[in-house]
J.: 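Mind having a look at this structure? Questions to follow.
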Amino acid sequence: MARDRNADYDFRTPVRRILIGVTGVALLAVFLVWRIDSPRVERFRSAFIDRVVPSFDWALVPVTKLADMVSGFESYASLYDQNQELRRELQRMKAWKEAAVQLEQQNAKLLAQNQVRLDPKLTSVSGVVLADSGSPFRQSVLLNVGSRDGIVDGWATTDGLGIVGRISGVGERTARVILLTDASSRIPVTIQPSGQKAMLVGDNTASPPIEYLETPEFVRPGDRVVSSGDGGVFPAGLLVGEVKADSEKRLRVRLSADYERLNFLRVLRSYPAEEIGEAGGLVLPEFPPIAPAVTLPENTNPTAVEQGDG
């Protein structure tokens, strides 16, 4: 019977069987060679390894690079965690440093004035930041404390290290805080150690400029900036930041408050100073009264008057 030339023949199955058989024989031979313990086979293994393994370095390059990438990523993740921890530690250290500086200054004042009396009304109320305005033209945050907590317009707010802003708008349960970076913010400050008085003017940037400085040549970058207390806006001596110079040599303030992580704020209770309406008994008049002059008669002898008084 003639074979049909148009019929399809399956060549894959025989070829697959042959390849599987050859591979099995080769693996068995390798296994037997590697298991035989004889000097000749040992020399063969050594020669084979010396000839084949060095030429396969190119094949190990991707594996080596991948291992290096994995190791580098793990190192980067570890460095990132350490960096975040160091940032938090640095923030805490800055707070402790500022507290130490304030305590040192306070101690010096107490030693100079042994009878100093601190203001017992300067307490604080802590609040949680609920929302951020997120506007490029108005920078403010919302706190979860309000009139029920005794909050009053104008009180200063801090993040525990530096001034953040002031209360501007109070509801029953919430209060709006205008940040120092807002364009409507104006606070009087003192630059230490020169004692220069100036005005910190918000301009919607992270480092607001210093305006109305009387003698700028006495101010250097790195000088501390604190609230002056003028005008009764803020209590005196609260940390604001430090002086820095921008690319145009304009003096600005690097704020100490961490504006990127405003989670909790402290509202400082401050009350206006008591006004004295009239002078006390120990305060003498500006010009004491002058006794009226004694007028003698025309025919009176001054010498006789003096002898009569004697």
J.: Are N204 and D182 packed together at the side-chain level, in the sense that at least one heavy-atom pair is separated by less than 4.5 angstrom?
T.: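 Answer yes - side chains close enough.
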
J.: Do side-chain atoms of S227 reach the backbone of P235 as a donor and acceptor pair under 3.5 angstrom?
T.: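 Indeed, once roles are kept as given, a pair shorter than 3.5 Å links the two residues.
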
J.: Establish, from distance only, whether the side-chain atoms of S140 and R176 form a donor-acceptor pair under 3.5 Å.
T.: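 Distance-only check passes for S140 and R176.
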
J.: Ignoring hydrogens and angles, tell me if any N or O in the side chain of S75 forms a donor-acceptor pair with the backbone of S71 under 3.5 Å.
T.: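 Between the backbone of S71 and the side chain of S75 there is a qualifying donor-acceptor contact (under 3.5 Å).
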
J.: Should D246 and S207 count as side-chain neighbours, where that means a heavy-atom distance under 4.5 Å?
T.: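 With C-beta onward as the side chain, the pair stays apart.
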
J.: Using the rule that Ile, Leu, Val, Met, Phe, Trp and Tyr join whenever any side-chain heavy atoms are under 4.5 Å apart, tell me whether V225 and L239 fall into a single cluster.
T.: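 Not linked; separate clusters.
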
J.: Indicate the atoms forming the closest heavy-atom contact of I163 with Y259, along with that distance.
T.: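 In this case the closest contact between I163 and Y259 is O-OH, 3.8 Å.
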
J.: Quick check: closest heavy atoms across S124 and R269, and the distance to 0.1 Å?
T.: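 S124 and R269 have their closest heavy atoms at O-NH1, 3.7 Å.
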
J.: How about CZ on R266, more than 12 heavy atoms from neighbouring residues, nucleotides or ligands closer than 6.0 Å, or not?
T.: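 Not more than 12 within 6.0 Å, no.
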
J.: With the threshold set at 4.0 Å, does a side-chain nitrogen-carboxylate oxygen contact exist between D223 and R220?
T.: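 Judged by the 4.0 Å cut-off on N to carboxylate O distance, D223 and R220 do not form a salt bridge.
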
J.: Would you mind reporting whether M199 and V189 have side-chain heavy atoms less than 4.5 Å apart?
T.: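 A side-chain contact is absent here, since even the closest heavy-atom pair is not under 4.5 Å.
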
J.: Indicate the atoms forming the closest heavy-atom contact of A198 with L213, along with that distance.
T.: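 Scanning both residues completely, I find the closest heavy atoms to be CB-CD1, 3.7 Å.
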
J.: How long is the straight-line distance from CE of M93 back to CZ of R88, given to the nearest 0.5 Å?
T.: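 Result: 15.5 Å between the selected atoms.
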
J.: Is there a continuous path of hydrophobic side-chain contacts, each under 4.5 Å between heavy atoms, that joins I178 to V267?
T.: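 Different clusters: I178 never reaches V267 through Ile, Leu, Val, Met, Phe, Trp or Tyr contacts under 4.5 Å.
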
J.: So for atom CD, which belongs to E214, do other residues, nucleotides or ligands contribute more than 12 heavy atoms lying within a distance under 6.0 Å?
T.: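 No, because the 6.0 Å sphere around CD of E214 holds 12 heavy atoms or fewer from other groups.
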
J.: Heavy-atom distance under 4.5 Å between the side chains of V152 and I167, does that happen here?
T.: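 Side chain of V152 against side chain of I167, heavy atoms only: no contact under 4.5 Å found.
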
J.: Can you give me the closest heavy-atom contact between S194 and F218, atom names plus distance?
T.: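 Heavy atoms of S194 and F218 come nearest at CB-O, 3.7 Å.
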
J.: Give the intermediate values and the outcome of side-chain hydrogen bond (donor to acceptor under 3.5 Å, both in side chains) for residues S256 and K94.
T.: CA-CA 9 Å; S256 297; K94 285 183 178 179; over 6 Å; no

J.: One thing to verify: whether R92 and E85 come together as a salt bridge, which I'm taking to mean a side-chain N less than 4.0 angstrom from a carboxylate O.
T.: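 R92 and E85: salt-bridged.
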
J.: May I ask you to decide whether R224 forms a salt bridge with E242, counting only side-chain N to carboxylate O separations under 4.0 Å?
T.: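 Judged by the 4.0 Å cut-off on N to carboxylate O distance, R224 and E242 do not form a salt bridge.
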
J.: Please round to the nearest 0.5 Å and tell me the distance separating atom CZ of R186 and atom OH of Y212.
T.: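 Rounded to the nearest 0.5 Å, the CZ-OH separation comes to 7.0 Å.
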
J.: Should T181 and Q139 be marked as a side-chain hydrogen bond (donor to acceptor under 3.5 Å, both in side chains) after you check the CA-CA gap, both sets of side-chain angles, and the distance that decides it?
T.: CA-CA 7 Å; T181 54; Q139 299 189 7; 2.4 Å; yes

J.: Quick one: pull up OG1 in T158 and CZ in F234 and give me the separation to the nearest 0.5 Å.
T.: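 Reported to 0.5 Å precision, the distance equals 10.5 Å.
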
J.: Establish whether V145 and L265 are linked, either directly or via other cluster members, by ILVMFWY side-chain heavy-atom contacts under 4.5 Å.
T.: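 Linked, V145 and L265 end up in one cluster.
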
J.: Decide side chain to side chain contact (heavy atoms under 4.5 Å, CB included) for L179 and V164; before the verdict, give the C-alpha distance in whole Å, the side-chain angles of both, and the deciding distance to 0.1 Å.
T.: CA-CA 6 Å; L179 305 181; V164 173; 3.4 Å; yes

J.: Spell out, yes or no, whether V243 and L180 are grouped together once hydrophobic residues are joined by side-chain heavy atoms under 4.5 Å, including indirect joins.
T.: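 Yes, one cluster joins them.
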
J.: Pick out which of V201, L200, L238 makes a side-chain contact (heavy atoms from CB on, under 4.5 Å) with I187.
T.: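 Of V201, L200, L238, side-chain contact (heavy atoms from CB on, under 4.5 Å) with I187 is met by L200 alone.
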
J.: Just so I know, are the side chains of E211 and R250 near enough to count as touching, which here means a heavy-atom distance under 4.5 Å?
T.: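 The answer is yes; the side chains approach within 4.5 Å.
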
J.: Taking side chain as C-beta onward, heavy atoms only, is T157 less than 4.5 Å from L268?
T.: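 Not touching, per the 4.5 Å side-chain cut-off.
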
J.: Kindly indicate whether the side chain of L143, heavy atoms from C-beta on, has any atom under 4.5 Å from the side chain of V128.
T.: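 Result no, sub-4.5 Å side-chain heavy-atom pair not found.
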
J.: Show your working on side chain to side chain contact (heavy atoms under 4.5 Å, CB included) between L262 and V177 and close with a plain yes or no.
T.: CA-CA 12 Å; L262 293 180; V177 178; over 6 Å; no

J.: Would you confirm whether T190, through its side chain, and K197, through its main-chain N or O, come within 3.5 Å as a donor-acceptor pair?
T.: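 No, because the side chain of T190 does not come within donor-acceptor range (under 3.5 Å) of the backbone of K197.
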
J.: Does D149 use its side chain to pair, donor to acceptor, with the backbone of G146 at less than 3.5 Å?
T.: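 At least one qualifying donor-acceptor pair exists.
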
J.: Any side-chain heavy atom of V240 within less than 4.5 Å of one from V253?
T.: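 Touching, per the 4.5 Å side-chain cut-off.
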
J.: Salt bridge check, D203 against R252: does any charged N sit closer than 4.0 Å to a carboxylate O?
T.: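 Yes, charged N to carboxylate O under 4.0 Å.
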
J.: Mark yes or no for whether N144, through its side chain, and T174, through its backbone, hold a donor-acceptor pair below 3.5 Å.
T.: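 Answer holds: no.
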
J.: Verify side chain to side chain contact (heavy atoms under 4.5 Å, CB included) between D258 and L161, making sure each step is shown before the conclusion.
T.: CA-CA 8 Å; D258 190 359; L161 179 60; over 6 Å; no

J.: Could you give all pairs that pass the salt bridge (Lys or Arg N to Asp or Glu O under 4.0 Å) test and reach residues 151-167, with sequence neighbours left out?
T.: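 As it turns out, there is no salt bridge (Lys or Arg N to Asp or Glu O under 4.0 Å) pair with a partner in residues 151-167 once direct neighbours are skipped.
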
J.: Does R17 CZ have over 12 foreign heavy atoms under 6.0 Å away?
T.: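 No, CZ of R17 has 12 or fewer neighbouring heavy atoms, counting only those of other groups under 6.0 Å.
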
